[in-house]
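Below: the structure, in C-alpha cells.
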Amino acid sequence: MKNNEIKDELIIGAASKVHEEWCNGELEGYYNRAVAAVKEGKNEGEALLYACIKGDEVRNEVSVKDGKFPESCLDSFDNFMKAVKSGDITVKRFAKRDLTDEEIVRDLPTGNYDLEKGENILRSFLELSGDSKKENLDAAIGAYNVFEDYSKAGVSVSSMENDPKIKEQIGVAIHADWLKRNPEHPNDSLKVPYNELDEWTQAQDLSVFSALLQTVKENGISIDKVAGYTVRDAKEEEAKALDAIKNRKTVK
C-alpha cells in the first residue's frame with residue numbers, strides 16, 4: 001500500500017471512530033431518557049417517543065420496523081443497541097447541512113434528508129454528506145500530521161499513548177491545529193491556550209488522536225524514524241495561532 005493510501009486509511013478510520021463514539025453517546029442519551037420515561041409510568045412505546053425530547057427541544061426522531069415495538073429493548077442498553085443495529089428501531093437526529101444535489105437525490109428518498117430539518121447525522125460516517133464529514137476529517141488530518149511528526153522524531157506509539165508529558169504536548173499540537181482551522185468559531189472560551197481549557201475539552205482534543213492511534217495499531221502501520229528530525233514546537237504553533245486570532249479581531 002502506498003504512503004498516500006495509508007495516510008487516507010488512517011484519517012478516514014480515525015474520523016469514523018470519533019463519529020461512532022458520538023453516535024453511541026447520542027444513542028445512550030436517548031436510551032436513558034426512554035428508561036426515565038418508563039419509570040415515570042409511560043409504556044415502552046410511549047417512552048420511545050418521549051425520549052425524542054431533551055429539555056424543551058425535539059432532539060431526535062424514532063421509528064420501529066413494521067410498526068412493532070421490539071420486546072425487552074429497554075431492559076438494557078445492550079438490548080437497545082441490538083434493536084438499533086438490526087434495524088428494529090431507528091433513531092435519527094437532524095442538523096442543518098449544505099448537501100450537494102447528488103447527496104440530496106441520494107438521501108431524500110431514504111428519509112435521511114429533509115428540506116426543512118436538514119440531514120440525519122445519526123448514522124454511519126461513510127453515509128454522511130461531505131459537509132457533515134468535514135470537521136471530523138479535518139481534525140483527523142491534524143491528528144495524522146502530529147502522529148507523523150512524532151513518529152519521524154522516533155517517539156513510539158506507546159509513549160504517545162502513555163507518557164504524560166508527551167500527551168500534553170500532543171494535546172497542545174492538536175489544539176493549535178484546531179485554532180488554525182477555526183479562527184471564527186463563536187465560542188471564545190475555546191480560543192485560549194490548551195492548558196487553560198477544562199479537562200473535558202482537553203479530552204475532546206485528544207479523542208481524535210486516540211482514535212488515530214487505535215487505527216494505527218489495528219492495521220499494524222508505522223512511520224520510520226528520520227535521523228536528526230525534531231518535533232515542531234507545539235506551544236510556539238499555538239501562540240502563533242492565538243496571535244493570528246487576536247489580530248483578526250483588531251483589524252475588524
Side-chain angles (χ1 to χ4, degrees), residues 1-25 124-128 130-183 185 190-197 199-245:
M1 191 180 291
K2 296 179 181 179
N3 288 342
N4 285 342
E5 292 175 345
I6 291 172
K7 179 178 178 178
D8 289 345
E9 183 176 325
L10 289 177
I11 288 169
I12 292 171
S16 297
K17 280 183 170 61
V18 170
H19 181 68
E20 183 180 4
E21 289 176 7
W22 176 84
C23 286
N24 289 339
S124 166
F125 181 76
L126 295 178
E127 295 176 341
L128 296 175
D131 193 31
S132 286
K133 289 177 182 174
K134 186 179 186 306
E135 176 55 30
N136 275 6
L137 284 175
D138 286 347
I141 290 169
Y144 175 86
N145 291 338
V146 173
F147 166 69
E148 183 180 54
D149 196 35
Y150 276 77
S151 295
K152 286 181 177 179
V155 180
S156 68
V157 170
S158 177
S159 294
M160 293 183 211
E161 286 184 308
N162 302 309
D163 187 307
K165 289 184 179 179
I166 291 176
K167 283 183 70 175
E168 181 181 359
Q169 291 169 1
I170 288 171
V172 174
I174 295 290
H175 185 57
D177 179 71
W178 183 88
L179 289 168
K180 291 174 187 176
R181 288 187 286 110
N182 295 278
H185 196 280
L190 299 177
K191 299 174 187 176
V192 297
Y194 176 78
N195 290 334
E196 293 181 19
L197 296 172
E199 290 184 5
W200 185 87
T201 305
Q202 288 182 350
Q204 290 297 109
D205 275 348
L206 285 171
S207 64
V208 67
F209 191 78
S210 297
L212 184 92
L213 291 186
Q214 187 180 343
T215 308
V216 164
K217 292 189 292 183
E218 287 173 356
N219 292 276
I221 292 170
S222 62
I223 294 175
D224 293 336
K225 178 181 178 180
V226 176
Y229 190 92
T230 57
V231 174
R232 287 173 292 179
D233 189 326
K235 289 197 173 181
E236 183 179 331
E237 294 286 316
E238 181 184 65
K240 287 180 180 178
L242 288 169
D243 282 344
I245 290 172

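A quick note: this is a predicted structure, and the numbers were derived from the prediction, not measured.
Side-chain atoms of Met160 and Val146, non-hydrogen and from C-beta on, never get closer than 4.5 Å to each other. Counting heavy atoms from C-beta on, the side chains of Gln169 and Tyr194 never come closer than 4.5 Å. Asp149 places a side-chain heavy atom less than 4.5 Å from the side chain of Tyr229. Side-chain contact check for Val172 versus Glu237: every heavy-atom pair is 4.5 Å or farther apart. With contacts defined as side-chain heavy-atom distances shorter than 4.5 Å, the pair Arg232/Asn145 qualifies. Looking only at side-chain heavy atoms (C-beta outward), His19 and Lys133 stay at 4.5 Å or farther from each other.
Here the CZ atom belonging to Phe147 is positioned 11.5 Å from the NZ atom belonging to Lys152, to the nearest 0.5 angstrom. Here the straight-line distance linking atom CD of Glu238 with atom NZ of Lys180 works out to 10.5 Å at 0.5 Å rounding. Within the model, atoms OG of Ser158 and NZ of Lys217 stand 8.5 Å from one another, a figure rounded to the nearest 0.5 Å. The CG atom of Leu179 lies 11.5 Å from the CD1 atom of Ile174; values are rounded to the nearest 0.5 Å. Separating the CG atom in Asn182 from the NE2 atom in His175 is a distance of 10.0 Å, to the nearest 0.5 Å. From Gln204, atom CD reaches atom CG of Leu190 across 10.5 Å, with rounding to the nearest 0.5 Å.
The shortest non-hydrogen separation linking Val18 to Ser207 is CG2-O, 4.3 Å. When all heavy atoms are compared, the tightest approach of Ile245 to Lys191 is CG2-CD, 4.0 Å. Between Ala176 and Ala241, the shortest heavy-atom distance links the atoms O-CB, 4.1 Å. A pairwise comparison of heavy atoms in Asp138 and Asp177 identifies O-OD2, 4.1 Å as the closest pair. The shortest non-hydrogen separation linking Ala14 to Ala140 is CB-CB, 4.1 Å.
Glu236 and Lys240 are joined by a salt bridge, as a carboxylate oxygen and a charged side-chain nitrogen come within less than 4.0 angstrom of each other.
Just one of Ile11, Ile221, Asn219 meets the side chain to side chain contact (heavy atoms under 4.5 Å, CB included) condition when paired with Ile6; it is Ile221. In summary, of the residues considered (Ile170, Asp163, Ile166), a side chain to side chain contact (heavy atoms under 4.5 Å, CB included) with Val155 occurs for Ile166 alone.
More than 12 heavy-atom neighbours from other residues, nucleotides or ligands sit within 6.0 angstrom of CD on Glu218.
In this structure a side-chain-to-backbone donor-acceptor pair under 3.5 Å is missing from Lys167 to Leu206.
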Could you walk me through whether Thr215 and Tyr144 satisfy the side-chain contact (heavy atoms from CB on, under 4.5 Å) test, starting with their C-alpha distance in whole Å, then the side-chain angles of each, then the deciding distance to 0.1 Å, before giving a yes or no?
CA-CA 11 Å; Thr215 308; Tyr144 175 86; over 6 Å; no
